[in-house]
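Okay, structure first, notes after.
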Amino acid sequence: MRQSSLVVVANRLPIDDSIAPDGACEWRRSPGGLVSALHPLLRHAPATWVGWAGGTGPAPALPDVDGVRLCAVPLTADDLRDHYEGFANATLWPLYHDAVEQPQHHRRWWEAYQRVNRRFAEAAAAVAEPGAVVWVQDYHLHLVPGMLRDLRPDLRIGFFLHVPFPPPELFMQLPRRAELLRGMLGADLVGFQRVQAAHNFAQLVVKVLGLPATDRRIGVGDRVVRIGAFPVSIDTAEMAALAARPDVAARAQRLRQDLGRPERVILSVDRMDYTKGIEQRLKAYSELLAAGHVKVRDTVLVQVAVPSRERVGQYQVLRERVEREVGRINGEFGRVGEPAIHYLTQPFDRAELAALYRVADVMAVTPLRDGMNLVAKEYVAARVDDTGALLLSEFAGAAAELPQAYLVNPHDLEGLKEGLLAALRAAPADVAERMRAMRAHLHTHDIRAWARSYLTALNDTGALVERLTSGGESARLPAQPGRSAARADHRG
């Protein structure tokens, strides 16, 4: 494979495999949050994306996708079980999300995590040009920056964590805490969604590794590793343009008709995950129905809960609980042809999702903990007429950037119910004022502004940044790269 000046290393490639009716394998863009954030940027400069293609066995040979070269890293069935389902999603994921579920620890999972991280590092080293920028993504690959620095000290290495980074008292539970921190410190720049996460990281580096550190810089031998907050965003203009399309507007009208033309539509779009607060949201809605504050004929809840990590036991149990609760609520409060909750578990393409956003009078985004939550930002971008109320968890990273939303504590059932009623009953003028403010923020803090902020801090030359972020509105570059994290203090 040809070498690239920019290499993105992520657990998944920006594609999903699907089987066509004739049995042929097709490749298409994946709808995942990371792909949505990064893929639009990479079309503006020659880049290679290193990641797993989604299956087990030998790595497939893949075509370019929108000019992005794809380098598949093979995973065996054991790798999938022990690295992905095990250490990444049964050890790190729950720990990083406030231990909502109890993290599990197994030695073979750690061995697989090391093995797979080395495979990713070696693949990145093979495709990177001399002096290239390599941008490593997320909690699946904590060890890659350190391994990559050993293999290719000439590279400029960035690491970005899309999920929350836990406080020291939680992270200290990890048996391999020192190794994970050293792996991240192989990067020249470690980025987080929120300032508090960078602070947590600096505290741990001092406590566990005894290195000199501030909330912006860490001394590692003769190197200085910079850290900071860089809240991720979306392609605001793309979503707004999609939502404004006549076919999407027409689809939104048909959807509302299919829902029975209720006065109010509440929408939630989540992965089926215990961090998303789905059960708490359903309970709050059920109690509002029971108290008569919400009536089925007037109000409809559409809950999209796309299955994920279905082989992980905790997720299987969660799906059973959610489906049982949806069935109970519909059985108790629904009528023939008028369910209280429309429950959907299939993924949607972006046009259908934009139509759903246009239908929703209230968007309920109430995770128990979330690094950012791009659904909240997509909803705001899609409300091109400045209507619609966003109900948002205080514990989503997006809350720091969108304070005009109706903010709630999803752990507080009464507060969640009050917030939902406030959003449902808000005066149109108040809704419009809040939405205009949120849309104005996203206009200048879009995906290109995020990339410019991070890559400018990582790559001082600026040439790569200009190629990646041209072609759209973006925030003005900071005069000093080190100060971009400081300004992000108030955003995420």
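None of the values given here were measured: they were computed from a predicted structure. The basis for the numbers below is simple: all heavy atoms, side chains too, and nothing from hydrogens, waters or symmetry mates. Throughout, residue positions are numbered sequentially from 1 according to the sequence presented.
The distance from the CG atom of Leu174 to the CG atom of Leu92 is 6.0 Å, given to the nearest 0.5 Å. Between atom CG of residue Leu181 and atom NZ of residue Lys207 there is a gap of 12.5 Å, rounded to the nearest 0.5 Å. Taking CZ of Arg439 as the reference point, atom CE of Met435 lies at 8.0 Å (rounded to 0.5 Å). Distance CD/Gln280 to OG1/Thr366: 7.5 Å, rounded to 0.5 Å. The CD atom of Gln102 lies 9.0 Å from the CG atom of Leu95; values are rounded to the nearest 0.5 Å. Taken from CH2 in Trp110 to CD in Glu179, the straight-line distance is 5.0 Å, to the nearest 0.5 Å.
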Self-check item: Step-by-step side chain to side chain contact (heavy atoms under 4.5 Å, CB included) determination, Glu352 to Gln346
Solution: CA-CA 12 Å; Glu352 187 77 358; Gln346 70 266 32; over 6 Å; no
Quiz item: Under the side chain to side chain contact (heavy atoms under 4.5 Å, CB included) criterion, do Lys377 and Met239 qualify, and how do the steps go?
Solution: CA-CA 10 Å; Lys377 293 187 174 185; Met239 176 52 73; over 6 Å; no
Quiz prompt | Stepwise side chain to side chain contact (heavy atoms under 4.5 Å, CB included) test for Val225 and Met184 | solution = CA-CA 10 Å; Val225 177; Met184 295 169 72; over 6 Å; no
Quiz item: Do Arg281 and Gln303 pass the side-chain hydrogen bond (donor to acceptor under 3.5 Å, both in side chains) test, and can you show the C-alpha distance, the side-chain angles, and the key distance before you say yes or no?
Solution: CA-CA 10 Å; Arg281 192 184 311 138; Gln303 174 64 67; 2.9 Å; yes
Quiz item: Between Val232 and Tyr454, is a side chain to side chain contact (heavy atoms under 4.5 Å, CB included) present by the stated rule, with each step listed?
Solution: CA-CA 10 Å; Val232 73; Tyr454 185 91; over 6 Å; no
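Formation of a donor-acceptor pair under 3.5 Å by the Trp49 side chain with backbone atoms of Arg12 is found in this model. Proximity of a side-chain donor or acceptor of Asn200 to a complementary backbone N or O of Pro168 within less than 3.5 Å is not detected. Judged by distance alone, with hydrogens and angles left aside, the side-chain atoms of Tyr113 form no donor-acceptor pair with the main-chain N or O of Leu143 at under 3.5 Å. In this structure, Arg152 contributes its side chain and Ala124 its backbone to no donor-acceptor pair below 3.5 Å. In this structure, the side chain of Tyr379 does not engage the main chain of Leu267 through any donor-acceptor pair within 3.5 Å. Here the side chain of Gln193 pairs a donor or acceptor atom with the backbone of His162 at under 3.5 angstrom. A distance-only check finds a donor-acceptor pair linking the side chain of Ser233 to the backbone of His445 [under 3.5 Å]. For the pair Thr48 (side chain) and Val7 (backbone), a donor-acceptor distance under 3.5 Å is absent. Side-chain N or O atoms of Asp138 include none that pairs as donor or acceptor with a backbone N or O of His140 at under 3.5 Å. A donor-acceptor pair under 3.5 Å links the side-chain atoms of Ser393 to the main chain of Pro367, judged by distance alone.
Ring pair Trp52/Tyr84 is tilted by interplanar angle, where 30° to 60° counts as tilted. Ring-plane geometry between Tyr96 and His142 is classed as perpendicular, the angle between the planes exceeding 60 degrees on a 0 to 90 degree scale with a lower cut at 30.
Counting only heavy atoms from C-beta outward, the side chains of Tyr139 and Leu180 never approach each other to under 4.5 Å. Inter-residue side-chain proximity for Leu80 and Glu85 is flagged as met; some heavy-atom pair is nearer than 4.5 Å. Leu391 has its side chain within reach of Val408: a pair of non-hydrogen atoms, C-beta onward, lies under 4.5 Å apart. Within the 4.5 Å cutoff, side-chain heavy atoms of Glu378 are placed close to those of Leu353. Two residues are said to be in side-chain contact when any heavy atoms from C-beta on lie closer than 4.5 Å; Arg107 and Pro175 fail this criterion. By the 4.5 Å heavy-atom criterion applied to side chains, Tyr274 and Pro94 are counted as neighbours. Contact of the Leu209 side chain with the Ile218 side chain is not registered, since no non-hydrogen atoms from C-beta on lie closer than 4.5 Å. Proximity of Glu279 to Leu318: side-chain heavy atoms (C-beta onward) are separated by under 4.5 Å at one or more points.
Arg369 and Pro164 make their closest contact through CG-CG, 3.5 Å (heavy atoms, listed as atom of the first residue, atom of the second, distance). For the residue pair Pro145 and Ala187, the shortest heavy atom distance occurs at CB-N, 3.6 Å. Nearest heavy-atom pair, Ala355 versus Val248, reported as atom, atom and distance to 0.1 Å: N-CG1, 3.7 Å. For Ala59 against Val73, the heavy-atom pair with the smallest separation is CB-C, 4.4 Å. Scanning all heavy atoms of the two residues, the minimum distance from Glu129 to Asp154 falls at O-OD2, 4.1 Å. Taking all atoms of both residues into account, the shortest heavy-atom contact from Val206 to Ala213 is CG2-CB, 3.7 Å.
Close placement of the Phe395 and His411 rings is indicated, their centers lying within 6.0 Å of each other. For an aromatic pair to be called close, the ring centres must be under 6.0 Å apart, and Trp450 with Phe160 satisfies this.
Taking 4.0 Å as the cut-off between side-chain N and carboxylate O, Arg319 and Glu323 count as a salt-bridged pair. One finds a salt bridge joining Lys276 and Asp370 here, because a Lys/Arg side-chain nitrogen approaches an Asp/Glu carboxylate oxygen to under 4.0 Å. For the pair Asp82 and Arg115, the salt-bridge criterion is not met [side-chain N within less than 4.0 Å of a carboxylate O]. Using a 4.0 Å cut-off between a side-chain N of Lys or Arg and a carboxylate O of Asp or Glu, Asp273 and Arg309 qualify as a salt bridge.
Here the options are Phe159, Phe192, Phe171, the test is ring-ring contact (aromatic ring centres under 6.0 Å, His included), and the partner is Phe201; only Phe192 passes.
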